[in-house]
Amino acid sequence: MKNFYPLLFSVVIFSSCKHDEKIINNQFVDSVINHYAIPEIVQQNEKEMEFWKGRINPALPGFLDESRYAGTLNMRFRFLGDIGNYSQ
């Protein structure tokens, strides 16, 4: 009986993960994409990130430039959920 409850719990959890409901209809996707604008604060962070990235010199490692660049990557992750490039 002890093993039955974890098995039952697992089945309930995994069966509740199935999600077939669409968030938006296909006919409205183009409209959503066309009206989306990247927020100003994200664009400012991008400019600051490029500035600090340009100041990093691999031949002369330092602390300030690298830590500021890492801070901008952290902010990008907070804003977008990814540190990779976004399309403008």
Side-chain angles (χ1 to χ4, degrees):
M1 197 64 162
K2 282 184 177 180
N3 294 336
F4 179 71
Y5 290 120
L7 179 64
L8 179 64
F9 180 74
S10 299
V11 169
V12 169
I13 292 296
F14 287 124
S15 66
S16 67
C17 293
K18 187 177 180 182
H19 185 16
D20 292 332
E21 184 178 335
K22 292 183 179 181
I23 295 174
I24 189 169
N25 291 334
N26 291 339
Q27 62 188 1
F28 298 119
V29 171
D30 291 333
S31 175
V32 171
I33 290 172
N34 289 335
H35 289 90
Y36 175 74
I38 297 171
E40 182 66 29
I41 194 164
V42 175
Q43 293 174 357
Q44 289 173 350
N45 185 57
E46 181 71 21
K47 291 176 187 175
E48 188 174 344
M49 187 181 66
E50 290 301 320
F51 172 76
W52 289 112
K53 184 177 180 181
R55 288 187 46 108
I56 295 175
N57 185 356
L60 299 170
F63 181 71
L64 180 66
D65 299 333
E66 287 84 352
S67 65
R68 294 289 180 123
Y69 178 66
T72 58
L73 288 174
N74 184 21
M75 289 304 293
R76 176 188 265 185
F77 182 76
R78 288 183 183 187
F79 293 142
L80 303 174
D82 188 13
I83 61 171
N85 290 334
Y86 61 91
S87 59
Q88 293 185 5

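Sequential numbering from 1 along the given sequence is applied to the chain's residues.
Applying the side chain to side chain donor-acceptor pair (under 3.5 Å) test to residues at least two apart or on different chains, the pairs with a partner in residues 55-67 are R55-D65.
Other residues, nucleotides and ligands contribute only 12 or fewer heavy atoms inside 6.0 Å of the CZ atom of F77.
For the pair Q43 and I38, the tightest heavy-atom approach, listed with the atom from each and the gap, is NE2-O, 3.5 Å. Heavy-atom minimum distance, Y69 versus T72: O-OG1, 2.6 Å.
To the nearest 0.5 Å, atoms CG (L73) and NZ (K53) are separated by 8.5 Å.
Using a 4.5 Å heavy-atom cutoff, the side chains of Q44 and K47 are not in contact.
Under the side chain to side chain contact (heavy atoms under 4.5 Å, CB included) criterion, F79 pairs with I41, V42, N45, M75, not counting sequence neighbours. The side chain to side chain contact (heavy atoms under 4.5 Å, CB included) test applied to F28 returns I24, N25, not counting sequence neighbours.
Between E46 and R76 a salt bridge is recorded (basic side-chain N to carboxylate O distance below 4.0 Å).
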